[in-house]
Number of protein chains: 2
Amino acid sequence: MSHAPTVVIENFYPCLDGGRHPVKRVIDEPLDVWCDIFKDGHDVMSAVLRWRLTGSRRWFEAPMKPTENDRWHGQCSFAKAGRWEYVVEAWGDTFRSWKKTFAVRVQTQDPDVPIEALEGARLLREAGKRARAAGVPTAGTQLEDCADLLTSVKATDLMDVLLSDEMQSLMDQYPDRSQSTTSDTLKATAERERARYSAWYEFFPRGAEGRSDKHSSFRDCLGRLDHAAHMGFDVIYFPPIHPIGITARKGKNNTLTAGPDDVGSPWAIGGPTGGHRHIEPALGTEKDFVWLVKEANKRGMEIALDFALNCSPDHPYVKDHPEWFYQRPDGSIRYAENPPKKYQDIYPLNFHCDDWRNLWKELIEVVQFWVDRGVKIFRVDNPHTKPVAFWEELIGTIQRKDPDVLFLAEAFTKPKMMQVLGKVGFTQSYTYFTWREDPKALTEYATELTRSDMRWYYRANFWPNTPDILPGHLQNATSQMFRIRAALAATMSSSWGMYSGYELCENDPYPGKEEYDNSEKYELKQRDYNQMGGNITAFIRALNLIRRDNPALHLYDNLSFHGADHPQMLCYSKVTPDFSNRILCVISHDAHQPAIGMIHLDLAALGLDGSRLFKVTDLLHNQTYEWHGADNYVALHPNGMSMHVFRVEQ
Amino acid sequence: MSHAPTVVIENFYPCLDGGRHPVKRVIDEPLDVWCDIFKDGHDVMSAVLRWRLTGSRRWFEAPMKPTENDRWHGQCSFAKAGRWEYVVEAWGDTFRSWKKTFAVRVQTQDPDVPIEALEGARLLREAGKRARAAGVPTAGTQLEDCADLLTSVKATDLMDVLLSDEMQSLMDQYPDRSQSTTSDTLKATAERERARYSAWYEFFPRGAEGRSDKHSSFRDCLGRLDHAAHMGFDVIYFPPIHPIGITARKGKNNTLTAGPDDVGSPWAIGGPTGGHRHIEPALGTEKDFVWLVKEANKRGMEIALDFALNCSPDHPYVKDHPEWFYQRPDGSIRYAENPPKKYQDIYPLNFHCDDWRNLWKELIEVVQFWVDRGVKIFRVDNPHTKPVAFWEELIGTIQRKDPDVLFLAEAFTKPKMMQVLGKVGFTQSYTYFTWREDPKALTEYATELTRSDMRWYYRANFWPNTPDILPGHLQNATSQMFRIRAALAATMSSSWGMYSGYELCENDPYPGKEEYDNSEKYELKQRDYNQMGGNITAFIRALNLIRRDNPALHLYDNLSFHGADHPQMLCYSKVTPDFSNRILCVISHDAHQPAIGMIHLDLAALGLDGSRLFKVTDLLHNQTYEWHGADNYVALHPNGMSMHVFRVEQ
């Protein structure tokens with residue numbers, strides 16, 4: 001460095017693992033940056049926040065402002081999707097420092113005023129030179145004229161000009177940064193808005209028509225797409241669409257022996273007709289798939305694929321690359337197991353094999369293959385059983401080429417692993433929401449997800465069910481419990497999803513397990529999507545339309561909880577930063593008993609003036625109430641007005 | 001990297017600014033290291049903590065243990081002073097993982113037991129090979145024999161051997177680390193114990209004899225040394241000993257005009273006889289100084305010099321290196337000022353001048369000059385007015401050559417600057433203790449210093465007074481207030497210091513200022529160190545001897561506060577980690593009124609069993625009481641039993 005290092009710039013917030021991982025934003029979403037800035041001596045400081053798309057030469061810049069105790073604040077946002085980097089540049093501001101002491105000198109009639117006026121004139125002239133160099137000769141002249149005055153006129157007569165906002169603003173345009181210090185570089189990832197705000201609907205394309213006697217194909221899926229669009233979803237997620245293995249194929253209800261007509265689990269990928277780059281022939285062709293992707297797009301939706309790194313014993317990799325699998329001492333390939341559980345239809349890949357570089361490359365190319373066919377969202381199956389470094393490389397490689405591609409991590413595992421997958425790049429993540437039913441536990445968990453440092457890298461996607469999970473509270477449950485869980489998922493997080501059949505309140509568990517009986521994973525399932533009893537399609541549609549109409553529900557880290565006296569009652573709000581849109585939910589987790597009691601609003605969190613009336617409009621029931629103050633009475637009845645999703649206005 | 005990256009190792013504690021700054025320890029002091037360790041899949045993990053003197057090839061190693069939620073703990077310590085580095089190495093433990101699933105297989109009579117036994121045999125044989133490679137053929141044979149058994153005997157008969165602690169311990173000696181991951185490198189600084197535990201006594205050598213009519217010399221200092229040794233101090237700190245400027249020399253009480261006999265401020269360094277490498281002729285010669293250093297060492301003490309980077313207008317630098325100073329527009333050199341205050345006798349150095357590299361080098365060489373003459377401790381004057389990067393370079397350069405050299409930062413400034421000076425290398429730091437008199441504020445501040453993350457880099461040295469500061473509570477105060485402040489300083493922190501005259505309870509303020517009247521900074525001061533009235537020499541000696549006898553008072557980050565009903569009463573303890581030494585202090589900050597009331601002990605912090613009696617022995621008054629339980633009655637009287645420093649035993 002040509003000049004002596006000067007300014008200390010440290011203690012950034014947010015800052016993930018010392019800057020190792022990027023913070024997440026969506027395009028144009030503001031990022032507030034905080035750090036400590038100070039230097040030796042008594043100089044007045046100036047600082048700017050600078051940011052650029054990584055690799056670009058063009059920096060954006062915004063001034064930072066001091067708050068208290070040497071803490072500074074700045075704000076940036078990212079104009080397009082991609083990997084960004086940002087730094088803080090700070091310097092002792094010679095003009096501000098001079099001005100501050102010069103004013104004292106003039107006031108105390110310091111005999112050094114004339115010589116210090118010369119010093120000020122020098123600073124003004126140098127700024128003038130910088131203005132000329134920047135191609136603004138008028139500013140140059142203005143600054144030089146002021147310098148001339150300062151050395152010719154009595155300084156006291158010039159103080160008004162020198163201390164004016166106009167003069168400072170002019171000097172701020174041409175500051176002397178020759179002695180500035182630049183901080184370490186921090187990273188941010190900007191993604192398109194769907195990274196944060198999305199509603200997912202999962203269905204098996206082979207079951208699109210709801211017939212147990214016929215394997216549906218992509219060409220049969222339009223009805224399902226229309227149904228999902230009607231319900232207000234924007235992401236259609238398909239379990240794996242690739243050829244399904246024949247060897248050790250599972251039968252109905254995960255039995256070890258499949259009959260000749262059994263369709264097998266889509267997660268046992270690879271057969272005689274190909275592997276991860278191919279399509280199960282019964283579903284159609286690649287052309288059919290691309291057609292369906294476009295049909296979804298026409299309906300304002302997109303199709304997400306399942307990226308499941310399982311190989312059936314019939315997968316082409318097994319023959320072509322046996323070195324990519326675990327060999328047993330007898331030379332056979334090890335199937336998946338978690339003793340005593342065995343999964344004979346699946347061979348796990350060995351990500352640490354000697355040929356790992358080629359294996360990783362191939363798998364990344366598989367994703368790119370589907371990206372090239374129009375798929376921009378992937379739901380990743382069990383990422384926690386593959387190396388974290390692999391995901392960092394995969395997501396980085398794909399997003400460098402196409403930053404619009406999004407990844408949802410299906411890691412139902414220990415907290416630290418779930419978190420690090422978010423840190424290394426997964427756009428969204430499944431959560432423990434599916435099992436959090438106690439209002440207190442749910443409050444704590446949702447607060448951790450949206451208000452702790454997780455908010456910077458982990459975007460929770462709330463699912464009330466999946467093909468793998470029919471949680472206890474939904475087993476043999478009434479439609480009211482299905483409504484409750486959907487409402488919680490859809491309003492607490494900006495992203496939620498459900499697996500088809502949820503709208504029909506399917507509730508039959510496999511005995512003794514948290515799974516569906518006659519799971520669609522292993523068979524073609526008969527379904528009447530138009531059945532009248534227990535169908536909550538209209539309710540789901542109402543939820544998604546409320547989400548669409550209310551920008552507060554598009555944001556992730558704006559969830560606030562409010563007090564509620566009844567132990568089963570949850571009361572929470574989401575608001576936009578400017579309070580132009582405010583949603584307040586009051587939901588009882590009890591599907592059978594009424595919940596009646598007082599709620600206690602945090603009026604500040606809602607941006608409400610406690611001295612004035614405010615209006616709450618239930619968007620589910622289209623009723624408006626006038627409330628006053630923090631404490632209000634709410635009565636929820638399972639078979640009547642069972643929950644409130646209010647818009648709040650004052 | 002030759003193998004695929006595997007383990008995630010992150011979220012270290014302690015960790016200063018993402019690992020940018022070292023944590024501080026003294027030699028052999030344990031450092032507890034915490035981090036998250038996990039990887040994909042279900043492998044059982046193993047991890048070690050490794051550390052070495054930076055630049056050395058020899059690594060030390062200790063196993064780490066999992067606690068909960070993927071958090072691991074290890075401990076290291078540093079055998080000699082210097083800069084150290086440490087890493088965590090972790091790997092999926094193939095043998096532990098195999099053993100765990102193999103036990104399940106045997107138990108469930110899995111038909112794969114024989115083939116999995118082959119796998120286990122392979123792991124044992126590979127460990128055997130590593131044992132032989134490590135030169136332990138007996139272990140090799142033992143492991144290979146076990147492998148042979150595993151493939152010949154029925155596995156069920158071998159489970160006792162396989163699952164034995166002996167076998168695991170043998171395997172742990174020869175683990176397969178070929179797929180291990182090593183964390184980022186963290187840094188630690190180890191210093192000699194005096195870095196943490198020290199008692200400082202500051203006096204002006206020119207006033208050693210306490211005569212206003214005679215400038216004392218180094219040869220006159222033995223009486224002062226003996227006096228300090230008697231009081232139990234171990235560091236003697238001298239204000240600058242260099243030639244004092246003549247131009248613009250300050251007179252008594254900081255007046256602008258000095259008379260012919262005025263001795264000037266030692267901080268206005270540099271005159272016709274030299275600068276920072278020279279000694280004020282009136283104090284003696286370099287030889288005299290080296291003699292005095294040795295005399296101090298003989299008494300178990302060492303002499304600390306003041307490193308004050310001020311130059312008088314007569315400093316040789318001014319003539320030889322005018323480019324190192326700030327030039328005013330008229331070509332004159334700028335003196336120090338903080339308008340409207342002016343310090344015409346001092347020229348500040350311009351650390352950012354064009355020739356900054358040579359300036360910095362010269363100043364570092366000045367420190368090395370005195371290190372070479374036996375000075376191992378420096379008190380640094382106003383480090384916050386010089387670049388932080390300069391101190392990092394200076395301390396790093398000096399300590400790389402001689403890691404026993406210690407630095408005390410005299411930065412009375414804003415919190416962040418004080419903190420960063422500790423982070424970049426200052427061994428100890430002055431604090432706001434001097435002004436904290438409200439028991440609540442003092443409790444909060446001492447807790448922040450010793451229990452927050454500051455504990456890892458900031459060692460507070462508590463001073464009740466300095467030549468610059470006679471705080472309000474000591475102005476015209478009785479000797480009891482001097483006792484109170486000395487006791488608080490000496491027992492709350494493991495390092496404390498006082499400026500001579502404190503033991504005489506000198507309490508005359510300069511009117512309207514927080515300074516001494518007739519300050520010794522500007523004149524030779526008459527003092528009778530043997531005066532009887534108000535002399536608290538014996539009390540100071542008692543404090544320092546109690547410190548010496550009680551290891552709990554040698555530690556820094558072990559301060560705990562206990563409840564006290566009386567608002568002026570402070571109750572706190574320091575204990576050794578094994579509770580073999582426990583000190584409990586009860587001190588009232590009121591020098592005039594009695595403080596009587598209950599204290600409420602945190603028995604767990606004291607390691608006491610609440611169901612049994614315990615003994616508290618007042619080490620100041622040599623009285624023992626038997627107490628029971630958390631709540632005890634204490635009566636403090638300013639003119640009698642005015643404070644307790646208890647040793648606690650049970």
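Letters go in sequence order (proteins before strands), and every chain restarts at 1. Remember, predicted model here, so these are calculated numbers, not experimental data. Values below: all heavy atoms of this structure, side chains included; hydrogens, waters and symmetry mates excluded.
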Salt bridge present between B:Arg328 and A:Asp112 (N-O < 4.0 angstrom)
yes
If you measure from the Lys or Arg side-chain nitrogens to the Asp or Glu carboxylate oxygens, is any gap between B:Glu116 and A:Arg334 under 4.0 Å?
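Salt bridge: yes.
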Would you mind checking which part of [X] comes under 4.5 Å of any heavy atom in chain B, side chain (CB onward), backbone (N, CA, C, O), both or neither?
{"X": "A:Asp330", "answer": "both"}
{"X": "A:Glu119", "answer": "both"}
{"X": "A:Phe351", "answer": "backbone"}
{"X": "A:His42", "answer": "side chain"}
{"X": "A:Arg122", "answer": "neither"}
{"X": "A:Lys342", "answer": "side chain"}
{"X": "A:Glu337", "answer": "side chain"}
{"X": "A:Thr413", "answer": "neither"}
{"X": "A:Asn338", "answer": "side chain"}

In this structure, are over 12 heavy atoms from other groups packed under 6.0 Å from [X] atom [atom1]?
{"X": "A:Gln107", "atom1": "CD", "value": "no"}
{"X": "B:Lys100", "atom1": "NZ", "value": "no"}
{"X": "B:Glu323", "atom1": "CD", "value": "yes"}

In sequence, state the C-alpha distance, the side-chain angles, and the governing distance for B:Asp40 and A:His384, and then conclude on side-chain contact (heavy atoms from CB on, under 4.5 Å).
CA-CA 5 Å; B:Asp40 51 293; A:His384 57 291; over 6 Å; no
Winner by heavy-atom pair count (cut-off under 4.5 Å) against chain B, out of [options]:
{"options": "A:Arg105, A:Arg20, A:Lys39", "answer": "A:Arg105"}
{"options": "A:Val8, A:Thr385, A:Asp17, A:Ile115", "answer": "A:Ile115"}
{"options": "A:Gly41, A:Ser332, A:Pro329, A:Ala389", "answer": "A:Pro329"}
{"options": "A:Leu118, A:Val424, A:Asp70, A:Asp110", "answer": "A:Asp70"}
{"options": "A:Asp184, A:Thr101, A:Asp354", "answer": "A:Thr101"}

Side-chain contact test, heavy atoms from C-beta onward, threshold under 4.5 Å: evaluate it for A:Trp356 versus B:Pro5 and give yes or no.
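Sidechains of B:Pro5 and A:Trp356: in contact.
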Enumerate the salt bridge (charged side-chain N to carboxylate O under 4.0 Å, His left out) contacts for residues 4-13 of chain B, please, sequence neighbours excluded, ordered by first and then second residue.
A:Lys423-B:Glu10
B:Asn11, B:Thr108, B:Asn69, B:Asn382: which one forms the most heavy-atom pairs within less than 4.5 Å of chain A?
B:Asn69
Say whether, by atom type as modelled, one donor and one acceptor occur between the side chain of A:Lys416 and the main chain of B:Asp36 under 3.5 angstrom.
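Answer holds: no.
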